[in-house]
Novice: 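Quick one: this structure, given as C-alpha cells, is what I'll be asking you about.
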4 protein chains.
Amino acid sequence: MDLVATVLEKPRRKIDPEQRRAEIMQAAFSCFAERGFAGTRMEDVAAKAGIAKGTVYLHFPDKEALFISLVSGVASPILDQVGAAVEQQAMPPRQMLEMFYRLFQQEVLDTERRHLLRLIIGEGSSFPAVTEYYHREIISNGIRILRILLERAASAGSLRNPAIVETPQLIMAPALMTIIWRSLFEAYEHLDADRLFANFLDTLFLPEKGETP
Amino acid sequence: MDLVATVLEKPRRKIDPEQRRAEIMQAAFSCFAERGFAGTRMEDVAAKAGIAKGTVYLHFPDKEALFISLVSGVASPILDQVGAAVEQQAMPPRQMLEMFYRLFQQEVLDTERRHLLRLIIGEGSSFPAVTEYYHREIISNGIRILRILLERAASAGSLRNPAIVETPQLIMAPALMTIIWRSLFEAYEHLDADRLFANFLDTLFLPEKGETP
Amino acid sequence: MDLVATVLEKPRRKIDPEQRRAEIMQAAFSCFAERGFAGTRMEDVAAKAGIAKGTVYLHFPDKEALFISLVSGVASPILDQVGAAVEQQAMPPRQMLEMFYRLFQQEVLDTERRHLLRLIIGEGSSFPAVTEYYHREIISNGIRILRILLERAASAGSLRNPAIVETPQLIMAPALMTIIWRSLFEAYEHLDADRLFANFLDTLFLPEKGETP
Amino acid sequence: MDLVATVLEKPRRKIDPEQRRAEIMQAAFSCFAERGFAGTRMEDVAAKAGIAKGTVYLHFPDKEALFISLVSGVASPILDQVGAAVEQQAMPPRQMLEMFYRLFQQEVLDTERRHLLRLIIGEGSSFPAVTEYYHREIISNGIRILRILLERAASAGSLRNPAIVETPQLIMAPALMTIIWRSLFEAYEHLDADRLFANFLDTLFLPEKGETP
DNA sequence: GATGAATGAGATTTCATTCAT
DNA sequence: TATGAATGAAATCTCATTCAT
C-alpha cells in the first residue's frame, strides 16, 4: 500500500507563489460557490487545486481568511466601467444603465461569478469584515455613481419619477432578483433577465421621442 | 443520594406533541436565523426550547428535516391576504401593492421573520426540496397573483409601463433588496424602506388625478 | 466491517459524573506522567480511561484544562500534617522534619505521585496558572511552616547554623534532589534517599546528648 | 523575470560546516530552552539561525538528534574547573565548594544555560540516551569529585557531619533548588541564591577559628 | 416520553521531513 | 550546499446522533 502510494504520488511542483495562490482561490471559489462556507472542506479545496491539504495553509492562515480574501478580492470592473462612463458623461443616463445591466449579465449573472454574489448575500452576515469591506469599497461607491447618474437623468427630465434619486438601491434590486431567482428557482421556472431589465428601464425612463410607449 | 436526586429532579413534562413540536421549531427558527444551518447546533436548539438534546429527535428525524420543516412551514399570510384582496377586487391595484409592501414590512422586514427569508436565499440552493416547495407553494402563487394584479392595473391604464406585466418578479425585487440590505449593510448605512417602496410605486404607477406628478 | 464494529462495541455506561471525571484524571495522570504534556494524546487518555475520545471533552474543555486541573488538584496532605504538628508543637523540630521526609518518601517519592512533581518541575514554566497556584497554595505555605519550625529549632539551640532560618528552601532541596535523581539516574546508580535525608538532618541539627556525633 | 530574481537573490553562503553546526545548535538551544522539545518547531530553529528549514537537516538527521546533541554537547566547564582544583589541591575544600557554587551561579543560574538544566530535568526521562550520557559523562564524574572533596574535608575535620561523604548528591541539591525556584516561582517570591549557598556551606562546615560561629 | 452521557466520524490545523530547483 | 514549497500523518476538538436509564 505504501509502495503503491509512493509510486503513484504525483511529482511535487514548485510554482510561482502568486500562481499557486490564484489556483487555490480558484478552487476555493468553486467549492464555496457550490456548497457554501460551512459545507466546504479545506481538503476539497486542496483536492480541487491538485495539492495537498497542508499546502493551502502555506498561502492562507485559515479557512476564514481564504473565504474572506476570496469574496473581498472580487473587484468590480462593472462599477469601474460604469463609473468611468458616468465620469466622462460618455453617453446618456439610460444608455449607461443599459450598459450596467448588460455588463452585469455578461460578467456576473451568466458566469460563475453569480455564485460569489450569492455567497455574499447568504454568508455575509457571518463575516462582518466582508460586509464592511463590501459596503466601503463597492456598495457606497456604486450608490454614489448611481445617484449621480439618476440626478443627471432627472435634470434632463428623462425620469418618470425623479424621486428615485433618493433611493438608488432600486436600481440594484432587479439585479439581485435575477441572481437569487437563478440560484433558487430557475430550475422550476425560467426568468428572462433581458426582459426584466428592459421592462424595468422602460418603467424608469420616459420614452424617447419617436418611441412607441 | 440517588434517591434524593430522583426525588428532587424536576418532573418530566408531558405536553401536547403538537405544542412541543411548535416550541422546537420556534427555537430552531431563532437559532437558524442567527447562525445559519451549519452554524446551529442541535444542542442549541434543544437548550433554547428548554428540553434535552434527545427530545428533539423524538419530533424530527434529523437536523435537515428540522430545517426543512421549519423553512417550509412558514406560510405566507401576506400572500394570502393580498391574494384574497385581489380575488375580491377589494381595492384598486396600487392600493393593493401598497398593502403588500406594508404587510411585508410589518410582517417580515421588521420582524425576526426577515431572517427566514435570508436563510432561504442563503441556504436554499443546498436544499432543493426547500426551493422546490417554495416555488410550488409560494412563488408561483405569488407570481400569479401579482400578474393578475398588474394586468388589472394595465387594463385600468394606471401603469406607466404596461409591459411589466411580463415580469412580475420586478415587484418582489425591492422587497428582496430591503431584506438583503438590512442584513448586510444597515449597520453602515440606513436604507429607508418606506421611501424605497413609495418611490418604486410612484415609478410604477401614473399619478392619480390631482396628484403632483 | 460495520457489523463487526456494531457487535463488538462495548456497551455504553452511564456512571456518576464525579466518578467518570476521576477516572479520566486518573488516566490522564498516568499518561502525562509517562510522556509529559505534549507527548500525551487525548486519545491515549480516553483509551486508558476506557471511553471514547469525545467523552473526555464532556468533562474538560480542553487538554490544557485537563492538565491544569490534574496538577492543581493535588492537595498536600504532607504539608497539612506537618503544618498541624507544627501548629500544636506535637514534637521537637527535628522529629517533625524526620516526619516530613518520611511522609514525603511514603506519599510522593515511592508512589506514582513523584511523576506529578516531576511534571510540575518540567512543564510548570509553560503553565503560569499552575505555578501561580502552586506557589500560592502550597509553596508559600510550606515555606511559612518550615520557617516557623526552623525558628523554633533555632530558639531551642538545636541548629548547627541558625542562619538557615533565612532560607527554608534548603529543607526542600534534598527532597527535590531525590525526585529528580529517581526520574533520571536511578536506572544507572541508586540513590539511598533514607540516608540522604538522615545525613542532611544530622548536618542540620546538633546531636542530641548521648548521641555519637 | 526569473533571471532578475536569480541575479538579485542573496548569495548562498557556504560557510564552515562546523561553524554552521554550532550556529544551529545555538539557535536550537535558545528555542528548546524557551519552549521545550515539543514546543519548538524546526522552522523556529532555522529562522533563529538565519537559514532555511532544509538546511538544518543537512547537519542533523532529525529533531531528536538535534536535541540530543544539544543537551549532550554541553560540557561542564564548572566541573572541569572544580575537578582541576581538586586534583591539584589548589585550595581548602570549603573554598572549592564556594568556587563551585559561585561558578554555578555565574555560568549557569544567571545565564541562559539554566534553561538547559531545566530542560534536562523536564524532558530527560523521554530521552534515555540523554540521561545515560549525562550520568556517564557528568554526574558520575561530579559525584566522584565531590566525594573526594568531602572526604578531604572530613579528614581535615572541617565537616560538621562527616557522614555526608556518603551522599555527595546533597551538595547538588541546593543548586537544583535554585534552578527550579528561579524557573517556577521567582516571579512570585525572590530566592536569594547567594544566601542560600552561604547558609548551606555554613551548615556543612565548622566555622574557621576566629570566625563568629 | 424524556433525558443527557456517550459515541466516533469528520473537520481544521500543525509541523517534521522531503526533494526539485 | 542551500533553499523553501510541498507533503501528509497526526493531533485537537466538534457535534449529529444514539440509547440505557
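Naming convention: chains lettered A, B, ... in sequence-line order (proteins, then strands); numbering from 1 in each chain. Just so it is clear, the structure is predicted and the values come from calculations on it, not from any experiment.
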Novice: Backbone N or O of A:Ile51 within a donor-acceptor pair of the A:Thr55 side chain at under 3.5 Å?
Specialist: no
Novice: Round to the nearest Å and state the distance from C:Asp44 atom CG to F:dA11 atom P.
Specialist: 8 Å
Novice: From C-beta outward on B:Leu58, which listed nucleotide comes closest to its side chain: E:dT12, E:dG1, F:dA11?
Specialist: E:dG1
Novice: Whole angstroms only, please: what is the CG-P distance between A:Asp16 and F:dT3?
Specialist: 20 Å
Novice: Kindly indicate, with the supporting measurements, whether the criterion salt bridge (charged side-chain N to carboxylate O under 4.0 Å, His left out) is fulfilled by D:Arg20 and D:Glu23.
Specialist: CA-CA 5 Å; D:Arg20 176 52 51 90; D:Glu23 282 173 14; 3.7 Å; yes
Novice: Would you mind reading off the distance between A:Ile51 atom CD1 and E:dT13 atom C1', rounded to a whole angstrom?
Specialist: 15 Å
Novice: Over how many whole Å does the gap from A:Glu64 atom CD to E:dA11 atom P extend?
Specialist: 19 Å
Novice: Which one is paired to E:dT14, where only Watson-Crick or G-U wobble pairs with both distances under 3.5 angstrom count?
Specialist: F:dA9
Novice: Among the nucleotides F:dA16, E:dA2, F:dT14, which one has an atom lying closest to any side-chain atom of B:Met42?
Specialist: F:dA16
Novice: Taking 4.0 angstrom as the limit, do C:Asp44 and C:Arg35 come out as a salt bridge?
Specialist: yes
Novice: Out of E:dA16, E:dT3, E:dT12, which has the shortest distance to the side chain of B:Ala52?
Specialist: E:dT3
Novice: Checking contacts here: which listed nucleotide (F:dT14, F:dT17, E:dT17) is nearest the side-chain heavy atoms of D:Lys63?
Specialist: E:dT17
Novice: State the SG-CD1 distance between B:Cys31 and B:Ile24, to the nearest 0.5 angstrom.
Specialist: 11.5 Å
Novice: Need the pair for E:dT21. Rule: Watson-Crick or G-U wobble, both distances under 3.5 Å, any strand; none if unpaired.
Specialist: F:dA2
Novice: Does A:Gly54 or D:Pro61 map to a spot on DNA chain E nearer the 5' end, using the closest nucleotide for each?
Specialist: A:Gly54
Novice: Please determine, for the side chain of B:Lys53, which listed nucleotide (E:dG10, E:dG4, F:dA6) has the closest atom?
Specialist: E:dG4
Novice: Whole angstrom is fine here: how far is it from OH in B:Tyr57 over to C1' in E:dG1?
Specialist: 17 Å
Novice: CZ of C:Arg21 versus P of E:dA5: gap in Å, rounded?
Specialist: 14 Å
Novice: Under 4.0 Å between a side-chain N/O of C:His59 and OP1 or OP2 of E:dA6, yes or no?
Specialist: yes
Novice: Less than 6.0 Å separating the ring centroids of C:Phe67 and C:Phe60?
Specialist: no
Novice: For a quick test of reading the model: is some side-chain N or O of D:Arg20 closer than 4.0 Å to OP1 or OP2 of F:dA2?
Specialist: yes
Novice: Side chain of A:Asp62 only, please: which of E:dT13, E:dA2, E:dT17 is the nearest?
Specialist: E:dT13
Novice: What is the separation between atom CD on D:Glu23 and atom P on F:dA2, rounded to the nearest whole Å?
Specialist: 10 Å
Novice: Can you tell me which nucleotide in E:dT13, E:dA16, E:dA6 comes closest to the side chain of C:Thr55?
Specialist: E:dA6
Novice: In whole angstroms, how far is the P atom of F:dA6 from the CD atom of D:Glu43?
Specialist: 14 Å
